[in-house]
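Input: a single structure, listed below in structure tokens.
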Number of protein chains: 2
Amino acid sequence: MTIKAIHTQVRFDQLVSKLKRLGYRLTPQRMALLRSLAVENDHPSASQLYDQLRSQFSTTSIATVYKTLNLLKDLDEVLELGFSDDDNRYDGNRPYPHPHLVCIRCRRITDPVIDGADTLLHKVADVSGYEVIGHRLDFFGLCPVCKEHELGIPERK
Amino acid sequence: MTIKAIHTQVRFDQLVSKLKRLGYRLTPQRMALLRSLAVENDHPSASQLYDQLRSQFSTTSIATVYKTLNLLKDLDEVLELGFSDDDNRYDGNRPYPHPHLVCIRCRRITDPVIDGADTLLHKVADVSGYEVIGHRLDFFGLCPVCKEHELGIPERK
DNA sequence: GTGCTTGCAAACAGTTTGCAGATAG
DNA sequence: CTATCTGCAAACTGTTTGCAAGCAC
């Protein structure tokens, strides 16, 4: 079992316990969705989650996906990354504001390992007099794979 | 004439020259919209711009507003700030990525005067191997005025 | 006069909501 | 048993598009 698989299992268990503790019902659809969300390093869209769910429950609906995502959002267990010109994306692993890297070609979203965001945060609060409660730091560009493609190297799948 | 008013005039002239130079038609509706966009330190929504336009041209339509905004966006003369759960906002004065402060209570958007964003940008590029092309740095919180209100002064709806 | 622009209405896409029937606890 | 959850369809919202008429150049 890989480290990644262990992380997924731990996160899944966390989510299940929290819902159980708060008295929410653990329907099969919810369990499956929690499992998809617990997969590490992924930032799926609602419709990607819907597709995954539908492979197990052929009659499920996108409304169920959204209702569960909104529940988890309210419980601070999922971070929603809204995009006005694209599907929103969901992070079930780090449900607190943090920087994201968005590839404008393949739309993959990753979490860069950087510090310095908090420094900037405090600087903004100091300078502006705002009480800063949240933030959204997105960097757009070409991921290493797509950068190669743009240079003329043929696409690999 | 205030410094602010001078800035607005200069920016308005810039926009008009660019459209003229590129052969776009300077209709009265466009001129009025350019004037609204050139107002400094403002981040209006399409419908706010529409309201302003309608006070001069009672039969104008929101489609005209969007068409002109998209034209200016393509010419890199307007920065669009998309919000998945709210109207998009437009910055006609600094049409390049820069940090924003968003008040979650009154929805006012301002430009904080900070440095350090570029440092973070280069750090992200170095660490990730991405070719970073753009960014979006938003800080959410309570502006000084709304912070006071939250401290006990009753909210008005 | 030419063809870009406007203004209206309809289309569009992602998300949310209402409700009747199903089901977890 | 019963309150919550599901699944369907309709509603909703901000933005875009198609097209006929208007008007800048």
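These numbers come from the heavy atoms of this one structure, side chains and all, not from hydrogens, waters or symmetry mates. Protein chains get the first letters and strands the later ones, always in sequence-line order, with residue 1 at the start of each.
A distance of 7.5 Å separates CG of A:N41 from CG of A:N93, quoted to the nearest 0.5 Å. Taken to the nearest 0.5 Å, the CZ atom of A:R54 stands 14.0 Å off from the CD atom of A:Q29.
Rounded to whole Å, atom P of D:dC5 lies 15 Å from atom CG of A:L53. Distance, B:D85 CG to D:dC12 C1': 15 Å, rounded to whole Å. In this structure, A:F57 places its CZ atom 14 Å from C1' of C:dA22, rounding to the nearest Å. Here the P atom of nucleotide D:dT13 and the CD1 atom of B:I62 are 14 Å apart, to the nearest Å. A straight line from CG of A:L33 to P of D:dG7 spans 11 Å, rounded to a whole angstrom. The CG-P distance, from A:L49 to C:dG14, rounds to 14 Å in whole Å. Between B:R54 atom CZ and C:dC8 atom P the separation is 10 Å, expressed in whole Å.
Applying the side chain to side chain donor-acceptor pair (under 3.5 Å) rule to pairs touching residues 114-128 of chain A yields nothing, sequence neighbours excluded. Residue pairs meeting the side chain to side chain donor-acceptor pair (under 3.5 Å) criterion with at least one partner in residues 16-26 of chain A, sequence neighbours excluded, are A:K18-A:E77.
A heavy-atom distance below 4.0 Å to DNA chain D is reached by these residues of residues 86-93 of chain B, ordered by number: B:D87, B:N88. Proximity of residues 20-32 of chain A to DNA chain D (heavy atom under 4.0 angstrom from any strand atom) is restricted to A:Y24, A:R25, A:T27, A:Q29, A:R30. Within residues 68-76 of chain A, no residue places a heavy atom under 4.0 Å from DNA chain D.
B:T64 has a side-chain polar atom (N or O) that falls below the 4.0 Å cut-off from OP1 or OP2 of C:dG7.
Between the side chain of B:R11 and the main chain of B:G92, a donor-acceptor pair closer than 3.5 Å is present.
Put simply, B:L49 and B:V39 are part of two different groups of oily side chains (I, L, V, M, F, W, Y) that touch within less than 4.5 Å, one to the next. Under the 4.5 Å side-chain heavy-atom criterion for grouping Ile, Leu, Val, Met, Phe, Trp and Tyr, B:F83 is not connected to A:F140 through any hydrophobic cluster. Under the 4.5 Å side-chain contact rule for hydrophobic residues, A:Y130 and B:V145 do not share a cluster.
Ring geometry, B:H43 versus B:H100: the interplanar angle exceeds 60°, so the pair is classed perpendicular (tilted spans 30 to 60°).
Nearest nucleotide to the side chain of A:K67, out of C:dT17, C:dA9, D:dC19: C:dT17.
With sequence neighbours left out, the salt bridge (charged side-chain N to carboxylate O under 4.0 Å, His left out) criterion links A:R107 to A:D86.
A:T60 comes within contact range of the sugar-phosphate backbone alone, with a heavy-atom separation under 4.0 Å but no base atom that close.
Using a 4.0 Å cut-off between a side-chain N of Lys or Arg and a carboxylate O of Asp or Glu, A:K73 and A:E80 qualify as a salt bridge.
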